Colleague: 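Below: one structure in C-alpha cells.
Within every chain, numbering begins at 1; the chains are lettered A, B, ... in the order of the sequence lines, protein sequences first and strands thereafter. Fair warning: this is a prediction, and the values are worked out from it, not measured in the lab.
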Number of protein chains: 2
Amino acid sequence: MSDAPEEIEALIALMARLPGLGPRSARRAVLHLIKKRSKLLIPLADSMRLVAETARECLRCGNIGTADICGICESPKRATGELCVVEDVADLWAMERAGVFKGRYHVLGGVLSALDAVGPEELRIPRLLERIAEEQISEVILALNATVDGQTTAHYIADQLEPTGVMLTSLAQGVPIGGELDYLDDGTIGAALRARKAL
Amino acid sequence: MSDAPEEIEALIALMARLPGLGPRSARRAVLHLIKKRSKLLIPLADSMRLVAETARECLRCGNIGTADICGICESPKRATGELCVVEDVADLWAMERAGVFKGRYHVLGGVLSALDAVGPEELRIPRLLERIAEEQISEVILALNATVDGQTTAHYIADQLEPTGVMLTSLAQGVPIGGELDYLDDGTIGAALRARKAL
C-alpha cells in the first residue's frame, strides 16, 4: 500500500488483476497513465467502454467479434469443410497470424481439467458435435496445446467423434523452426524422432 | 496483427503502450478483460475515467493527489522542517511504503539529462529553491536514484542550495538488507566499504 488517494489505489488494484501485471508494475502503469492523461488514460477508458459494449462471442464458433456470427464464420473465402479446434481465442489469433489455415474454427473455451472441475459441458464440446452433424464437415483438426489437459481433451474429443466418421487430425509435434536441439526438452526430441520423415 | 475486430485491435494497441506490457501480453490482457467484462473491464473503464477527472499534481510538492495540495503536504502530522527530494512520484510512494520518513516531499518530475535535453527548468528545481526560501526548511534529504543522471542532479542541487545554508544530506549507499556480497556490483561494495562503520 502507498498513501495515494483512494481513487488511484482502486485503479492500481484493478490493474494488478490483469495477467502480466503485478502490484508493482500496476503502480508504474497507473503513474504512466496519469502522466499521459489525454493521450492514453482517457482514450483507454473510452476504448474499454466501447469493447465492453460491442464485444461478444460468436454463437457458432466462440470467437470474439462484434456481431452474433464472427467475421471468419461469415467469410465466403473460408473453406467450409475444415474445422480447427482450439482451446482459446488467443490460440485462434495465433493460428490466424500464421496465416496458413483457410478453414473455420471451433473455440472450446478451455480444456478438460479434473483439478479445476471442467467437464465437457463447461466447454463447447456438445456444440462441436452439433456443428459436425449440421455443417458439411469433412475434417476436424485438433490444435490443442501440448499440455496434459490439452492432450486429455484431444483424446476425449477423438472418442466422441469416432461414431461420426469425420476425419480427425492434429497438429504435428516436432522441432520448432529455428529451434536448437540443445535447448529442447526430451519429450519434444522424442516426438520429433518418432515422427521422422524420409528426406 | 490478428483479425480481431478493429475496436478490439484499438484496445490492444493502447494497452501495449503501458509500461510492462508488450503487444503479446496486451493481447492476453484484452482477452482476459473481455472474459471478465462486468467484474473487471467495466470497473476498470470507470476507474480510469474517475482518475482522469480527479488526479492532479500537488501545487506545492508535485505528488499526485485529488486536491490542489496533496494529503502529505496538508497533514499536520508531518514534520515541516525536512524536505525529501525524489525524482518521481513512484519514489515518493516507495519512501512512504518504507514508513520511516516523517517529513514532507519535493518531487522533481525527472532528473537532469543531457541526452534527453532535460534542464533545471524542466524539473521542479526552481520551485525547490522557492520552497526553501518560503517554508522553514532546516534539512533537505536527497533520495535520488543511484544512477549517473540521478547523481548529476544531486550535485547540481547541492550547488544551487549552497548559498541558502540549508543542511543537505543524501540516502546512505551500501549493502541492501538481505543482500549477498557475491551478487552485488563492485560499485556498491566499494561504497559500502568506504562508508564502513565501527561496531
Side-chain angles (χ1 to χ4, degrees), chain A residues 1-8 10-11 13-15 17-22 24-57 63-67 70-72 88-90 92-94 96-97 109, chain B residues 1-8 10-11 13-15 17-22 24-57 63-67 70-72 88-90 92-94 96-97 109:
Chain A
M1 293 302 294
S2 71
D3 72 335
E6 57 180 327
E7 294 89 339
I8 297 174
L11 179 55
L14 285 168
M15 291 290 285
R17 287 169 54 196
L18 289 176
L21 286 182
R24 202 187 189 85
S25 44
R27 206 167 281 283
R28 272 181 57 220
V30 167
L31 280 176
H32 185 76
L33 284 171
I34 293 174
K35 275 184 202 162
K36 310 262 177 190
R37 184 191 311 242
S38 56
K39 289 255 172 92
L40 191 53
L41 178 53
I42 293 172
L44 200 49
D46 291 345
S47 175
M48 283 182 177
R49 202 17 98 185
L50 182 65
V51 166
E53 282 160 9
T54 58
R56 67 184 79 177
E57 276 183 0
N63 184 18
I64 287 171
T66 52
C70 76
I72 295 177
D88 222 330
V89 175
L92 184 159
W93 287 353
E96 285 296 290
R97 280 198 300 278
Chain B
M1 295 300 293
S2 72
D3 71 338
E6 58 178 328
E7 294 90 337
I8 296 174
L11 179 55
L14 285 168
M15 290 290 284
R17 288 170 52 195
L18 288 176
L21 286 183
R24 202 187 188 84
S25 45
R27 206 167 280 284
R28 274 182 55 219
V30 168
L31 278 176
H32 185 77
L33 284 171
I34 293 173
K35 275 185 200 160
K36 309 261 177 191
R37 183 191 312 243
S38 58
K39 288 254 173 91
L40 190 53
L41 178 54
I42 293 172
L44 199 48
D46 292 346
S47 175
M48 283 183 176
R49 199 23 97 181
L50 182 66
V51 167
E53 283 161 9
T54 58
R56 67 184 79 176
E57 275 183 0
N63 184 19
I64 287 171
T66 52
C70 76
I72 295 176
D88 222 330
V89 175
L92 185 159
W93 288 352
E96 285 297 288
R97 281 198 299 279

Colleague: Per the side-chain hydrogen bond (donor to acceptor under 3.5 Å, both in side chains) rule, what does the pair list look like for residues 34-44 of chain A, sequence neighbours excluded?
Modeller: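 For residues 34-44 of chain A: A:K35-B:D88.
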
Colleague: Which heavy-atom pair separates A:P43 from B:L14 by the least distance, and what is that distance?
Modeller: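 In terms of heavy atoms, the two residues are closest at O-CD1, 3.6 Å.
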
Colleague: What part of A:L50 is in contact with chain B, defined as an atom under 4.5 angstrom from a non-hydrogen atom: side chain, backbone, both or neither?
Modeller: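 Interface part for A:L50: side chain.
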
Colleague: Report the option among B:I34, B:L44, B:I42, B:V89 that has the most heavy-atom pairs separated by less than 4.5 Å from atoms of chain A.
Modeller: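 That would be B:L44.
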
Colleague: Is B:I64 close to chain A through its backbone or its side chain, or both, or neither, when contacts mean heavy atoms under 4.5 Å?
Modeller: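 For B:I64, backbone and side chain are both near chain A.
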
Colleague: How far apart are the closest heavy atoms of B:R17 and A:H32, and which atoms are they?
Modeller: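 That would be O-NE2, 3.7 Å.
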
Colleague: Could you note down all residue pairs passing side-chain hydrogen bond (donor to acceptor under 3.5 Å, both in side chains) where residues 42-54 of chain B supplies at least one of them, sequence neighbours left out?
Modeller: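 Of all non-adjacent pairs touching residues 42-54 of chain B, those that pass side-chain hydrogen bond (donor to acceptor under 3.5 Å, both in side chains) are A:D46-B:R49, A:R49-B:D46.
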
Colleague: Check whether any side-chain heavy atom of A:V51 lies under 4.5 Å from a side-chain heavy atom of B:L33, and answer yes or no.
Modeller: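 A:V51 vs B:L33: side chains apart.
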
Colleague: Pick whichever of A:C70, A:A26, A:A55, A:G22 has the most heavy-atom pairs under 4.5 Å with chain B.
Modeller: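 That would be A:A55.
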
Colleague: Mind ranking A:V30, A:L41, A:L18 by heavy-atom pairs under 4.5 Å with chain B and telling me who comes out on top?
Modeller: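 Heavy-atom pairs under 4.5 Å are most numerous for A:L41.
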
Colleague: Which pair of heavy atoms, one from B:P5 and one from A:G65, lies closest together, and at what distance?
Modeller: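 Closest heavy-atom pair between B:P5 and A:G65: CG-CA, 3.5 Å.
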
Colleague: Relative to chain B, which segment of A:L31 carries a heavy atom at a distance below 4.5 Å: side chain, backbone, both, or neither?
Modeller: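 The answer is the side chain of A:L31.
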
Colleague: Pick from A:A94, A:A90, A:A29, A:S25: which one has the most heavy-atom pairs with chain B under 4.5 Å?
Modeller: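 Of A:A94, A:A90, A:A29, A:S25, A:A29 has the most heavy-atom pairs under 4.5 Å with chain B.
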
Colleague: Any chance you could measure B:T66, atom OG1, to A:I8, atom CD1, to the nearest 0.5 Å?
Modeller: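 Going from OG1 on B:T66 over to CD1 on A:I8, the span is 7.0 Å.
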
Colleague: Measure across A:P19 and B:L21 and return the closest heavy-atom pair with its distance rounded to 0.1 Å.
Modeller: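 Minimum heavy-atom contact is O-CD2, 4.3 Å.
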
